[in-house]
Novice: 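Mind having a look at this structure? Questions to follow.
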Amino acid sequence: MAFTLPELPYAKSALAPHISEETLEFHYGKHHAGYLTKLNAAVANDSSLEGKSLEDIMLSASGGLFNNAAQVWNHTFYWNSMSPNGGGAPTGAIADAINAAFGSFEQFKVDFSAAAGGQFGSGWAWLVKDASGNLKIVTTSNAGNPMTDGLTPILTCDVWEHAYYIDYRNSRPGYIEAWWHLVNWDFANANL
Ligand code: MN3
């Protein structure tokens, strides 16, 4: 049973002007789809993976299989971390949790942007919840996913160059600033 590419939760043009339709055509239509194709090829060639969920594969695999499974999972989570109606200050329980963990939303924004900007090379910046329920900012390299360290993802920002090169060229900080206009706080609250 092959995995399928989840539909984007909005139109490809819906995140403009912060993230363009062209970026989503490549990022979702080529990169995310490409990881899925490779994952399905691996699953088709390994009967021990039959019937396993994407998370099961991601949490037990290594090497190329982990990379493709995690990149499929991470991208789906990333699309949901943004919304055309997102951005602004957090509301609800996530607002209180951010204030408790980081002092203020403004401080969280500074810390998260620094982590995302400082991740060397390809990877991801995450807001996560640890086993004690505390919020933390972590980064992962390449396909890394914080669930492998027992952390619960709340939000993510993809900092691979393919996420921003069309719209922002080499300016990762410009892309990160744009991401704040799209943050899906409803999704964060649901994950909390
Ligand atoms: Mn990506």
Side-chain angles (χ1 to χ4, degrees), residues 2-43 54-55 57-59 61-84 86-87 112-128 137-149 151-184 187-188 191:
F3 292 102
T4 55
L5 193 65
E7 280 194 38
L8 273 181
Y10 32 73
K12 287 197 184 86
S13 59
L15 302 183
H18 307 295
I19 295 177
S20 68
E21 181 171 10
E22 187 183 3
T23 287
L24 288 192
E25 278 170 1
F26 280 85
H27 198 179
Y28 171 76
K30 304 290 184 192
H31 291 279
H32 194 182
Y35 296 122
L36 183 85
T37 299
K38 288 176 184 163
L39 172 65
N40 279 332
V43 169
L54 180 60
E55 287 185 12
I57 293 174
M58 180 174 81
L59 293 174
S62 59
L65 179 60
F66 170 81
N67 288 338
N68 287 305
Q71 284 295 79
V72 169
W73 194 99
N74 292 355
H75 280 92
T76 301
F77 195 82
Y78 169 66
W79 307 131
N80 283 293
S81 293
M82 300 182 290
S83 164
F112 188 93
S113 296
Q119 164 62 29
F120 185 79
S122 297
W124 301 79
W126 305 83
L127 176 64
V128 299
I137 296 164
V138 299
T139 58
T140 57
S141 294
N142 299 318
N145 180 293
M147 289 162 71
T148 59
D149 294 324
L151 300 165
T152 303
I154 306 293
L155 287 171
T156 195
C157 180
D158 185 345
V159 297
W160 284 58
E161 275 188 352
H162 67 222
Y164 56 88
Y165 211 80
I166 290 170
D167 296 329
Y168 298 94
R169 296 303 176 193
N170 60 317
S171 177
R172 191 188 290 181
Y175 156 70
I176 294 166
E177 188 53 41
W179 182 85
W180 289 109
H181 290 277
L182 301 168
V183 183
N184 186 346
F187 184 63
N191 292 326

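Predicted model only: the values in this text are computed from it and were never measured. For ligands, and for the atoms within them, numbers begin at 1 and follow the listed sequence.
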Novice: Can you list the residues that meet the side chain to side chain contact (heavy atoms under 4.5 Å, CB included) rule with A16, with sequence neighbours excluded?
Specialist: none
Novice: Quick one: give me the number of protein N/O/S atoms under 2.8 Å from the Mn ion (ligand 1).
Specialist: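 Every protein N, O or S atom under 2.8 Å from the Mn ion (ligand 1) counted, the figure is 4.
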Novice: I'd like to know whether Q119 forms a side chain to side chain donor-acceptor pair (under 3.5 Å) with S141, so could you lay out the CA-CA distance, the side-chain angles of the two residues, the decisive distance to 0.1 Å, and finally the verdict.
Specialist: CA-CA 8 Å; Q119 164 62 29; S141 294; 3.3 Å; yes
Novice: The criterion is side chain to side chain contact (heavy atoms under 4.5 Å, CB included); which residues satisfy it with T148, sequence neighbours excluded?
Specialist: L59, F66
Novice: Can you list the residues that meet the side chain to side chain contact (heavy atoms under 4.5 Å, CB included) rule with K12, with sequence neighbours excluded?
Specialist: L8, E21, L24, E25, Y28
Novice: Between Y78 and H32, does the ring centre distance come in under 6.0 Å?
Specialist: no
Novice: Return the CH2 to OG1 distance between W124 and T140, rounded to the nearest 0.5 Å.
Specialist: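 It is 8.0 Å, given to the nearest 0.5 Å.
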